[in-house]
Amino acid sequence: MNNFVNVILPIPLQQLFTYSITEAEKDFLEPGMRVAVPFGKSKIYTAIVAEVHQKEPTAYQAKDIFQILDERPIITKKQLKHWQWIANYYMCSLGEVLRSALPSTFLLESETQVIKNKEFTSESSLTDDEFLIIEALEHQEVLPIQKISAILDKKRVLPILNNLLKKKAIVLQEEIIEQYTPKLIKYIRLNERYIDQVALGELLEELSRANQQRNAVMTYFSLHGATKKPIKQKQLKEVSKVSPAVIKALVEKEVFEVYTIQTDRVNFQEATDSFKELSEFQEECYNDLNTSFEKNEVVLLHGITSSGKTEIYVKLIDQVLKQGKQVLYLVPEIALTTQLIDRLQKYFGNKIAVFHSKYSLNERVEVWNNVLNKSDKAQLILGARSSIFLPFSELGLIIVDEEHETSYKQFDPAPRYHARDAAIVLANLHKAKVLLGSATPSLESYYNAEQKKYGLVELNRRFGNVLLPEIELVDIKEGYRKKRMTKHFSERLMVLINEALDEKEQIILFQNRRGYSPIVECKSCGVSPQCPNCDVSLTYHKLRGELKCHYCGYHKPLPKICSACGNPSLDTKGFGTEQIELELQELFPNHKIGRMDLDTTRGKYGYHKIIEAFQSREIDILVGTQMLSKGLDFDNVSLVGVLNADNMLNFPDFRAHEKSFQMLLQVSGRAGRAKKRGKVAIQTFNPYHQILQQVTTNDYATMYKEQLYERHQYKYPPILRMVKITLKHRDYIKVTSGADWLYTSLYNTFGTNILGPTSPAISRIRNQHIKTILIKLPQDKSINLSKAVIQKIKNSFQSIPNYRPIRFNVDVDNY
DNA sequence: AGCACGCCGACT
DNA sequence: GTCGGCGTGCTC
């Protein structure tokens, strides 16, 4: 009987691929294992086994697999089901899901290696390039193709290599490179023969003249006696203060032995704190949640900022861990949650594993393996959106914290999934519960709760009855008209800042734009420098004296004269965080100003440093973009200022109002903790805007009602679902005609439910012209059916030769 | 997606 | 004459 496997390859192709396997391989292979398979002319890829079967393909000859890479599945059956759901729902291939889901370390790829043929001698027959290669191979026997390319400084080296191959001068070989390197730590132990007291006495006697060596041995004993644990070489060196040579000498004398243990790169301490006593309201909320979970799979917890949601989560987590089940705690942006990690770590100690993209690949593999092995170290997983892809075996609870955050949605590349929604499906597969938590729930979740699809629990008290901050709107239209502004600060805001500084309290200022100023404009001719690759104005970054594009990374020095008219009359318009920071330094020279935005938080510990400096009160005023609004608690902040609320409100998106409300309330929540009532000042040109009014009264209910009414009126989610199609190409005419064609074909099925084609606000990025089409999925038809139609139209689109090179992205639930 | 193949214009 | 540009087709 012939045996075959269907495998998922990490490429964006819809189909699975079938390979032939031997009888022995059939007995060994299971879905979820990795195999290395030859693909195309020469490459070897890592694939995941999806199915083992006996159905021989008829249209082609299946190739043999190259190698089995695992002894047991590294992907669980539940994961494979979950992947399938994501691929179907978000209209992408399983291969794309695979690429996102698996740490890239697991995806070994072959690299072609060039090896010299030793029997080859007739070097005279070689061309110059060929000779260079052979010469390089004299020094180093094996060279990857890239190196060859570098040596010759040419891109196309394959023809040359083919000639060498013909002349039998070289051999090619595909090498698979294992990327994961376990971290090994050196330990020291005493040679067995000195366990005997007499032998030990003799040893010490023998070392009586070697003071340092004796010292090292004595230190070993005191360490060993104190901890009874294996002793690291490093530790011994540090405590005894001897040089490495001393230890080496003892090893050579066979007094000490060195051995290595593979360790995890990330280790947490044991738990140090016991759980906090819940307040009366928290306790009540906790009980409500448990009651709600009896009836609902998903419960939405709407708890105002500082209501102590985390403490309630902790109690729920503990309850689930005690049943021996795993808990996934999703957070929007893990790098911002060092405070949360610290807190959870105190309660759960080394049961926590953290998973996010700023971790190194090796660290991610370790977390993956720990989860797969159901290790004690990974009972509670704290992670960003991609942690829904970890190989859980027995998930009991998923917490989605700050459920409304947009960073749960992946926009590029595919799979364009929403981690909250994918988490609910994942929980379903595990029969686990989901808790969505937020102070400002997304309309869709609140709607689902209202429709009784989710349970709903509300928590309206701040912990310790701290009052909600007092929010005032400051009209800056007047201020500007009467020239009463101090740079970008209104009189009122200046008063509040001075008051807070006098009281030695800290201040957070929020401006949702980085750089110095978003537009540079010539006062003589009105021309402003644009990015050559994108359809945007360049942002001025004063510190670096540069004009920068925030979309493609293009940058150049600020020109002295206008490139259009030649006059030295360039001026800046609008302002970003950098300008605010500089203004503050001028206005408050005796206070320390900090800035937190994408530009200052690069690197693994970028955030950490700034947050710590602010927490330890080294910084008095912190200026930042929206990243300030996420999950940070500072106990000495009495004032939060929003410099301009209008650009958010006027953003051209159906969710602009909802998002503004959420962001403003979240930033406001940073004000006034423990001690006293905080103050929030929101500067705006339009203080009568209904959203701003709702923010001042913390009126979620009215905001929800009004926004939902509008969504009904204009048929937007959560009333309807949407799919967004994005077309991109370098040729403007090509995309435009493609978009028109697409509109016409979609019109037959969807009629007026299609919006577009439109050029987005930024219609060209990295020299790619963009067109978008929005499809509102009709309520009266099945969503799957509608998606099938879209898929069919996509296929026809791509079979038109002229449109084939146009990039075609489908984004389901593009919000 | 990646990669080979093949066809065409710009240079040693 | 070759190098390298990119359009086209295919991958079990």
Side-chain angles (χ1 to χ4, degrees), chain A residues 2-22 25-26 29 31 34-68 87 91-102 104 107-112 127-130 132 144-146 148-163 165-166 172 174 176 412-416 728-731 733-735 738 767-768 794-795 797-810:
Chain A
N2 292 323
N3 296 294
F4 301 93
V5 272
N6 285 354
V7 299
I8 307 167
L9 279 160
I11 48 174
L13 292 172
Q14 290 300 328
Q15 343 96 42
L16 297 182
F17 288 82
T18 306
Y19 287 83
S20 149
I21 52 171
T22 64
E25 286 167 338
K26 182 204 83 176
L29 281 173
R34 290 176 308 156
V35 285
V37 295
F39 190 70
K41 274 263 150 72
S42 60
K43 272 230 140 182
I44 290 173
Y45 278 103
T46 305
I48 303 289
V49 176
E51 194 194 345
V52 182
H53 62 88
Q54 277 82 38
K55 293 158 274 182
E56 176 149 22
T58 49
Y60 52 87
Q61 176 70 46
K63 287 184 185 173
D64 292 339
I65 63 165
F66 176 71
Q67 197 182 322
I68 299 175
M91 300 182 70
C92 66
S93 74
L94 273 171
E96 287 169 317
V97 184
L98 162 64
R99 242 195 208 297
S100 267
L102 218 56
S104 58
L107 292 175
L108 316 169
E109 261 181 47
S110 71
E111 206 178 353
T112 310
T127 65
D128 286 355
D129 279 348
E130 291 171 359
L132 274 173
I145 291 216
Q146 291 155 332
I148 305 260
S149 178
I151 290 166
L152 297 183
D153 195 24
K154 269 183 194 161
K155 277 189 182 170
R156 281 176 65 90
V157 289
L158 252 120
I160 305 168
L161 290 177
N162 279 335
N163 280 335
L165 214 53
K166 256 185 246 154
L172 294 183
E174 289 293 314
I176 300 171
D412 241 351
R416 298 178 174 81
K728 287 187 203 166
H729 195 265
R730 285 173 40 226
D731 180 354
I733 295 167
K734 203 185 272 259
V735 239
N767 278 324
Q768 299 271 316
K794 180 183 175 182
N795 293 343
F797 182 87
Q798 291 181 324
S799 63
I800 299 168
N802 192 32
Y803 297 150
R804 260 199 53 182
I806 301 177
R807 284 178 165 279
F808 192 119
N809 286 344
V810 185

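Protein chains get the first letters and strands the later ones, always in sequence-line order, with residue 1 at the start of each. This is a predicted model, so every value here is computed, not measured. What's counted below: heavy atoms across the whole structure, side chains too, no hydrogens, waters or symmetry copies.
- Atom NZ of K41(A) is separated from atom P of dT11(C) by 10 Å (rounded to the nearest Å).
- Atom CZ of F39(A) is separated from atom P of dA4(B) by 13 Å (rounded to the nearest Å).
- If you measure from atom CG of N802(A) to atom P of dC6(C), you get 18 Å, rounded to the nearest angstrom.
- Not a single donor-acceptor contact under 3.5 angstrom links the side-chain atoms of Y19(A) to the base of dC12(C).
- Protein atom CZ of F17(A) is 14 Å distant from nucleotide atom P of dG2(B), rounded to whole Å.
- Base engagement by L13(A) is indicated by at least one non-hydrogen atom pair under 4.0 Å involving a base atom.
- P805(A) comes within 4.0 angstrom of nothing in the nucleic acid, heavy atoms only.
- Counting to the nearest Å, the P atom of dC12(C) and the CD atom of Q61(A) are 12 Å from each other.
- When the C1' atom of dA1(B) is taken as reference, atom CD of Q798(A) falls 13 Å away, rounded to whole Å.
- Of the N and O atoms on the side chains of Q54(A) and N3(A), at least one donor lies less than 3.5 Å from an acceptor on the other residue.
- Look at NZ on K728(A): it is 11 Å from P on dA1(B), rounded to the nearest Å.
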*Could you give me the CA-CA distance, side-chain angles and deciding distance for I48(A) and L98(A), then say whether side-chain contact (heavy atoms from CB on, under 4.5 Å) is met?*
CA-CA 8 Å; I48(A) 303 289; L98(A) 162 64; 3.6 Å; yes
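- In this structure, CG of L107(A) is placed 17 Å from P of dA1(B), rounded to the nearest angstrom.
- For E56(A), there are no salt bridge (Lys or Arg N to Asp or Glu O under 4.0 Å) partners, not counting sequence neighbours.
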*R730(A)/Q768(A) under side-chain contact (heavy atoms from CB on, under 4.5 Å): CA gap, chis, key distance, verdict*: CA-CA 5 Å; R730(A) 285 173 40 226; Q768(A) 299 271 316; 3.5 Å; yes
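- For R804(A), taking side-chain heavy atoms from C-beta onward, the closest of the listed nucleotides dT8(C), dA1(B), dC3(B) is dT8(C).
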